[in-house]
Number of protein chains: 4
Amino acid sequence: MDMTNNRLKTIVERLERMEEEKQAIVDDIKEIMKEAKGEGFEPKILKKVLALRKMPHDERERLELLVATYMAAL
Amino acid sequence: MDMTNNRLKTIVERLERMEEEKQAIVDDIKEIMKEAKGEGFEPKILKKVLALRKMPHDERERLELLVATYMAAL
Amino acid sequence: MDMTNNRLKTIVERLERMEEEKQAIVDDIKEIMKEAKGEGFEPKILKKVLALRKMPHDERERLELLVATYMAAL
Amino acid sequence: MDMTNNRLKTIVERLERMEEEKQAIVDDIKEIMKEAKGEGFEPKILKKVLALRKMPHDERERLELLVATYMAAL
DNA sequence: TCAGATAAAATCGCGC
DNA sequence: GCGCGATTTTATCTGA
């Protein structure tokens, strides 16, 4: 058998497995959101909370980039 | 202690863990694409192949037929 | 007055005007798509048709051939 | 002649004209960036400046959304 | 040419 | 079911 075809098959199947895993996690997240909603927590607000908790990292990176940019601009 | 706050904390932390896992998989997929590219497989084509394999057969036919129809009408 | 600052101002304002024009066209395109949908044409297919007509003929053939090759190899 | 085909043709050609206009503007913006670069202004910085000048609007919207969200969450 | 950053487009999920 | 807003994915661009 052609080894190149074999290699392609291996790659595609690996990617497909990983896409499945990813999708499974996405589904789990949705499921948790749904449960939380059933307990009175709004998904919309939960998402906002997650975003806010994640923000400090992003925000710090953004600030560092801006500082570097303007240092370079001078 | 307020059980509702505790419950909320549990939910948020679970979601954050899952988001991390998801991100790890996304990074892995990128890594594999990169490797595949190094072996001569075009990521762009690989993505198209994955999309085609994922799509229901009849849906794919429907799209192709419609595109052909529109093209012919022009 | 500092001529360099003046020049910078001119450049920035020109760019801002062009960004606005660009956005106006983007909005118009969306509007036409919406109208077309109302007449029974699927925006998704219309976009594919536009992409196909825009793509150089040989590039299109190259992509289709590669996809077919990969699919066949699996 | 089939009026539907005619209508489709009209729509597609309108869209193609608008895409051309859009592309022309995109090209103009690039051209100006290039000129500015020739005069010593870095495109990277210019883009940052444009983003900053545009931000107040976006930022205000973001804040208003946050306020509304948390009011709703209470 | 390539990786990393930016912007554009497509998709998804909510609310009406 | 449809439009709208948010998220995710794809394509483009710039600098190394």
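Every heavy atom of this structure was used, including side-chain atoms; hydrogens, water molecules and symmetry mates were not. Note that the structure is a prediction, hence the values are computed from the model and not measured. The sequence lines fix the lettering, A, B, ..., with proteins before strands; numbering per chain opens at 1.
Rounded to whole Å, atom C1' of F/dG15 lies 15 Å from atom CE of D/M33. The distance between atom CD of C/Q23 and atom C1' of E/dA9, rounded to the nearest whole Å, is 13 Å. D/L66 has its CG atom 14 Å from the C1' atom of F/dA6, to the nearest Å. Spacing between atom CD of D/E19 and atom P of F/dA11 amounts to 15 Å, rounded to whole angstrom units. As rounded to whole Å, 15 Å separates atom C1' of E/dA3 from atom CG of B/D27. Distance C/I25 CD1 to E/dA9 C1': 17 Å, rounded to the nearest Å.
Each of A/V26 and C/V26 has a nearest nucleotide on DNA chain E; the 5'-most of these lies closest to C/V26.
Here the rule is side-chain contact (heavy atoms from CB on, under 4.5 Å) with A/I11, and of A/E13, A/R14, A/R7 only A/R7 fits it.
Residues C/E42 and B/R62 are paired through a salt bridge, judged by an N-O separation under 4.0 Å between the basic side chain and the carboxylate. Under the 4.0 Å criterion applied to side-chain N and carboxylate O atoms, D/R17 and D/E21 are not assigned as salt-bridge partners.
Across all strands, C/K22 comes closer than 4.0 Å only to sugar-phosphate atoms, never to a base (heavy-atom distances).
Contact check of residues 34-65 of chain A against DNA chain E (heavy atom, cut-off under 4.0 Å) returns no residues at all.
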